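These notes concern the structure reproduced below.
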There are 2 protein chains.
Amino acid sequence: MGPLDAYLPYLLNRAGARIAAAFGDEVRPLGATLQMWRVLAALGERDGRRMGDLSETTSIEVSTLTRLVDGMERKGLVARRRDEADARAVALHVTPAGRRLTQRLIPIAERYETVALQGFDAREAEMLKVFLQRLFTNMDALKSPHRRRG
Amino acid sequence: MGPLDAYLPYLLNRAGARIAAAFGDEVRPLGATLQMWRVLAALGERDGRRMGDLSETTSIEVSTLTRLVDGMERKGLVARRRDEADARAVALHVTPAGRRLTQRLIPIAERYETVALQGFDAREAEMLKVFLQRLFTNMDALKSPHRRRG
DNA sequence: CTCAATTATTTGTAAATGCAAATAACTGAC
DNA sequence: GTCAGTTATTTGCATTTACAAATAATTGAG
């Protein structure tokens with residue numbers, strides 16, 4: 001137990017980094033990364049999302065997302081199409097290969113959930129998730145540099 | 001509420017990234033970063049730690065830490081000294097300037113704690129921390145690539 | 001004492017990241 | 001219809017990061 005253990009951001013970051021690293025190691029043999037999984041999961045829920053939408057839901061910065069999607073496109077997992085309604089926007093679509101990969105990733109993600117939450121009962125697991133949601137919302141309120149006008 | 005909201009690693013990463021970004025924005029004017037704060041906090045607890053020790057307690061990869069410490073040394077916040085007992089190792093010491101900066105960072109870190117935990121009562125806050133500790137421990141058990149022998 | 005094996009740190013290098021500038025397309029005022 | 005202002009995405013670039021190789025020093029076997 002170090003001194004940092006008292007600080008929430010540290011605890012959060014540390015736990016998050018560990019899970020992310022472990023998950024990443026696990027999916028690398030499939031040619032996937034954690035970030036790819038996020039994109040695929042978001043598109044699995046609703047296909048044809050725009051980059052901005054995807055950036056929002058995955059919490060991946062747009063410029064990072066652009067390059068991530070470049071790679072996924074090269075791998076044939078997704079395809080960019082111009083949005084019909086608004087030609088500024090790009091709609092991202094999963095390909096059959098992307099769908100197959102998604103299907104293989106889902107059980108891995110679920111298994112990780114189990115491993116991470118070992119020793120938690122259902123009520124505790126749910127509480128943790130709710131706490132994290134709340135925490136995110138709290139921080140969202142002051143998303144610093146580009147403050148809401150005022 | 002997106003589809004990813006059900007997945008713990010995502011919730012964790014998202015909340016962690018938000019706090020980290022906000023904290024980073026806040027301390028940038030002081031010439032500090034989140035990672036520097038971690039190092040200073042660890043050294044504040046016990047000065048003269050070795051790089052490896054620091055890497056362990058801050059969860060910053062050693063090679064990353066080396067370069068981070070390079071920068072902190074240039075800024076005059078810390079000083080490397082050869083460890084007396086073992087000349088392979090480097091002992092890091094905080095300078096007076098580093099101590100002054102630490103003193104200014106502590107209240108910021110505490111304020112962030114408060115902001116992040118707005119709406120949490122003391123019991124909930126404590127629970128969250130314990131959960132995050134447990135989660136980290138769970139993942140630690142399988143720290144994948146360099147598996148424990150067996 | 002000497003050498004091989006181990007341990008602590010740093011450096012090389014490639015990939016990921018994020019901000020800001022550039023590009024492309026839409027919108028509304030006129 | 002044209003143009004200024006806005007919005008969506010990409011690109012440029014500098015920073016951060018991590019893995020692996022290189023360096024430096026210790027330890028124990030002989």
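Labels below follow one simple rule: chain letters A, B, ... track the order of the sequence lines, proteins then strands, and each chain is numbered from 1. On a predicted model such as this, the values are computed, not experimentally measured, just so you know.
Pairing each heavy atom of B:Leu92 with each of B:Leu43, the nearest pair is O-CD2, 3.7 Å. Residues B:Ile19 and B:Ala116 come closest through the heavy atom pair CD1-CB, 3.8 Å.
Side-chain atoms of A:Thr95 come within 3.5 Å of backbone N or O of A:Gly76 as a donor-acceptor pair.
Near DNA chain C, meaning a heavy atom under 4.0 Å away, there are no residues from residues 31-44 of chain B. Of the residues in residues 80-93 of chain A, those lying under 4.0 Å from DNA chain D by heavy-atom distance are A:Arg80, A:Arg88, A:Ala89, A:Val90. In the region residues 59-73 of chain A, proximity to DNA chain C at under 4.0 angstrom, judged on heavy atoms, holds for A:Glu61, A:Ser63, A:Thr64, A:Arg67.
Taking the ring axis of A:Tyr10 as reference, the NZ or CZ atom of B:Arg38 does not stay both within 45° of it and closer than 6.0 Å to the ring centre.
Among A:Met36, A:Arg100, A:Arg99, the single residue meeting the side chain to side chain contact (heavy atoms under 4.5 Å, CB included) criterion with A:Leu77 is A:Met36.
Here the two rings, on B:Tyr112 and B:Trp37, have centers that are 6.0 Å apart or farther.
Side-chain heavy atoms closer than 4.5 Å link hydrophobic residues (I, L, V, M, F, W, Y) into clusters, and following such links, even through other members, never connects B:Phe136 to B:Leu34.
Straight-line distance from the CG atom of A:Asn13 to the C1' atom of C:dT17: 15 Å, rounded to whole Å. The distance between atom CD of B:Glu56 and atom P of C:dT7, rounded to the nearest whole Å, is 15 Å. Protein atom CE of A:Met51 is 15 Å distant from nucleotide atom C1' of D:dT7, rounded to whole Å. Going from atom CZ of A:Arg50 over to atom P of D:dT9 covers 6 Å, rounded to whole Å.
For B:Glu73, the salt bridge (charged side-chain N to carboxylate O under 4.0 Å, His left out) test picks out B:Arg80, with sequence neighbours left out. Qualifying side chain to side chain contact (heavy atoms under 4.5 Å, CB included) partners for A:Arg74, counting only residues two or more places apart in sequence or in other chains: A:Asp70.
With respect to the salt-bridge test (charged N to carboxylate O, under 4.0 angstrom), the residues B:Asp83 and B:Arg88 do not qualify. The pair B:Arg50-B:Asp53 fails the salt-bridge criterion, with no side-chain N (NZ, NE, NH1 or NH2) lying under 4.0 Å from an Asp/Glu carboxylate O.
One finds the OG1 atom of B:Thr64 at 7.0 Å from the CZ atom of B:Arg67 (value rounded to the nearest 0.5 Å).
The overall bend of the helix from C:dC1-D:dG30 to C:dC30-D:dG1, read as the angle between its terminal helix axes built from five base pairs each, is 10° when rounded to 10 degrees.
Side-chain contact, A:Ser63 with A:Glu61: a donor N or O sits under 3.5 Å from an acceptor N or O.
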